[in-house]
Amino acid sequence: MANPAPTPAPQPRASRMKLSEVVSGKLDVPVRAMLYGVEGIGKSTFAASAPRPIFICAESGTSQLDVARFPEPKTWADVLDAIGELTRETHDYETLAIDTLDWLEPLCWDRVCERGDKGRRMESIESFGFGRGFQIALDEWRTLIHALERLIATKRMNVVIIAHAQIKTFKNPEGEDYDRWELKLHSKAGGRFKEWCDDVLFAKYETFSVGKDTRKAISDGARIIHTNRMAAWDAKNRNSLPDSLPLSWDE
């Protein structure tokens, strides 16, 4: 009986990490930004001022704006389909605006409940118990982020994500707890998007204390963006923005 043919030696893996592939300096990359703030402050108008925007609207924030928008998504698959359409098809849009992220969250949770647990559809995201539903939902949020990454890589589109703000108590490990502005989103999902975005911008009305009683405040109606984290809010930027600036895309 003939001896079996020897098993061929495995081929060495080709490495991409070559000195010849090293690049230097700043990279010209599309915008990946999140703007969050109270309702009615002008978040949708901000996104509408970005270059050639198209909106995925889960709420009616753009109803008074002359912008392009997909049909209102009714399911999580609708959201991913819209991003896939922009990725595959030829078009001249330059910015995708998601309005708003927290209004997409119920669609994400519905998808998780539809997938269910051990073949059984769940009634709510909390039916999984012990926070498991929110952890499972992270898989769907990752799918959304990966779809946005493909869109950016394929079409070099800007992505502007809009979200609402809420006041929550911060558990301070160094002293007394205090209230602060945070994303109106489950903390696990909010944390993932704050990591992914290059700029997390907090919009609020400028207010001033009056008189000797500092508990009283007035506002002149000016709307401003904060670009760096403070005790009262989350924010960051990777584009050397000033600490605050007017709520304006051009600014």
Side-chain angles (χ1 to χ4, degrees), residues 29-51 53 55-62 65 67 95-105 108 141 144-145 148 158-209 214-251:
V29 296
V31 171
R32 296 189 300 183
M34 175 186 290
L35 174 73
Y36 76 108
V38 297
E39 61 278 2
I41 197 170
K43 301 183 295 295
S44 300
T45 301
F46 174 87
S49 300
F55 280 71
I56 297 177
C57 297
E59 59 164 307
S60 58
T62 66
L65 299 175
V67 296
T95 303
L96 170 62
I98 295 178
D99 188 4
T100 61
L101 191 64
D102 45 286
W103 276 55
L104 291 185
E105 190 169 52
C108 177
W141 289 119
L144 175 61
I145 288 175
L148 294 174
N158 304 309
V159 174
V160 178
I161 299 172
I162 302 170
H164 291 99
Q166 64 181 349
I167 297 175
K168 293 189 69 175
T169 300
F170 176 68
K171 300 296 184 181
N172 183 13
E174 298 180 322
E176 295 184 5
D177 297 344
Y178 56 90
D179 291 343
R180 68 195 308 267
W181 289 103
E182 293 186 2
L183 284 171
K184 193 176 181 180
L185 200 70
H186 190 272
S187 59
K188 290 183 181 295
R192 183 54 52 93
F193 277 92
K194 286 187 290 185
E195 291 173 0
W196 181 75
C197 290
D198 291 326
D199 302 292
V200 177
L201 312 172
F202 173 60
K204 72 178 186 68
Y205 292 100
E206 193 169 25
T207 56
F208 306 92
S209 298
T214 57
R215 291 175 297 177
K216 294 182 179 180
I218 62 171
S219 172
D220 60 3
R223 295 169 292 180
I224 58 175
I225 294 174
H226 293 282
T227 67
N228 289 304
R229 179 186 172 96
M230 299 290 286
W233 57 74
D234 281 326
K236 72 172 187 180
N237 81 89
R238 294 172 177 158
N239 292 295
S240 301
L241 297 175
D243 288 339
S244 63
L245 64 161
L247 178 55
S248 160
W249 179 271
D250 291 338
E251 292 286 346

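Just so you know, these numbers use all the heavy atoms, side chains as well, and skip hydrogens, waters and symmetry mates. We're numbering straight along the sequence, starting at 1.
- Using cut-offs of 30° and 60° on the angle between ring planes, the pair Phe193 and Trp141 is perpendicular.
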Go through Ile56 and Leu96 one step at a time and tell me if the side chain to side chain contact (heavy atoms under 4.5 Å, CB included) criterion holds.
CA-CA 8 Å; Ile56 297 177; Leu96 170 62; 3.8 Å; yes
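- Taking both residues in full, the closest heavy atoms of Tyr178 and Ala231 are given as CE1-O, 3.1 Å, listed atom of the first, atom of the second, then distance.
- For the pair Asn237 (side chain) and Asn239 (backbone), a donor-acceptor distance under 3.5 Å is present.
- Scanning all heavy atoms of the two residues, the minimum distance from Arg238 to Asp199 falls at N-OD1, 3.3 Å.
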Practice task
Carefully, step by step, assess Leu65 and Thr45 under the rule side chain to side chain contact (heavy atoms under 4.5 Å, CB included).
Solution key: CA-CA 7 Å; Leu65 299 175; Thr45 301; 3.9 Å; yes
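- Residues Ile161 and Trp196 meet the side-chain proximity criterion, which asks for heavy atoms closer than 4.5 Å.
- With rounding to the nearest 0.5 Å, the separation of CZ in Arg32 from CG in Leu148 is 9.5 Å.
- Taking all atoms of both residues into account, the shortest heavy-atom contact from Ile98 to Leu104 is CG2-CD1, 3.6 Å.
- When all heavy atoms of Cys197 and Ala33 are compared, the closest pair comes out as SG-C, 4.1 Å.
- Side-chain N or O atoms of Thr95 include one that pairs as donor or acceptor with a backbone N or O of Pro51 at under 3.5 Å.
- Checked options His164, Gln166, Lys184, His186; the residue passing with Asp102 is His164 (criterion: side-chain hydrogen bond (donor to acceptor under 3.5 Å, both in side chains)).
- Among the candidates Ile162, Ile41, Ile225, the single residue satisfying the side-chain contact (heavy atoms from CB on, under 4.5 Å) test with Phe46 is Ile225.
- For the atom pair CZ of Arg180 and NZ of Lys168, the computed distance is 11.0 Å after rounding to the nearest 0.5 Å.
- Within the model, atoms CG of Leu201 and CG of Leu245 stand 7.5 Å from one another, a figure rounded to the nearest 0.5 Å.
- With rounding to the nearest 0.5 angstrom, the OG1 atom of Thr100 is 10.5 Å from the CE atom of Met34.
- Remark: of the listed residues Phe202, Tyr36, Phe170, Phe202 is the sole one forming a ring pair (Phe, Tyr, Trp, His ring centres under 6.0 Å) with Trp233.
- Here CD of Glu59 is found 6.0 Å from OG of Ser44. Values are rounded to the nearest 0.5 Å.
- Within the 3.5 Å criterion, the main-chain N or O of Asn172 finds a donor-acceptor partner in the side chain of Asp177.
- Here the closest non-hydrogen pair linking Val67 and Ala48 is CG1-CB, 3.7 Å.
- Within the model, atoms CG of Leu247 and NZ of Lys43 stand 9.0 Å from one another, a figure rounded to the nearest 0.5 Å.
- Nearest heavy-atom pair, Leu183 versus Lys194, reported as atom, atom and distance to 0.1 Å: CD1-CG, 3.9 Å.
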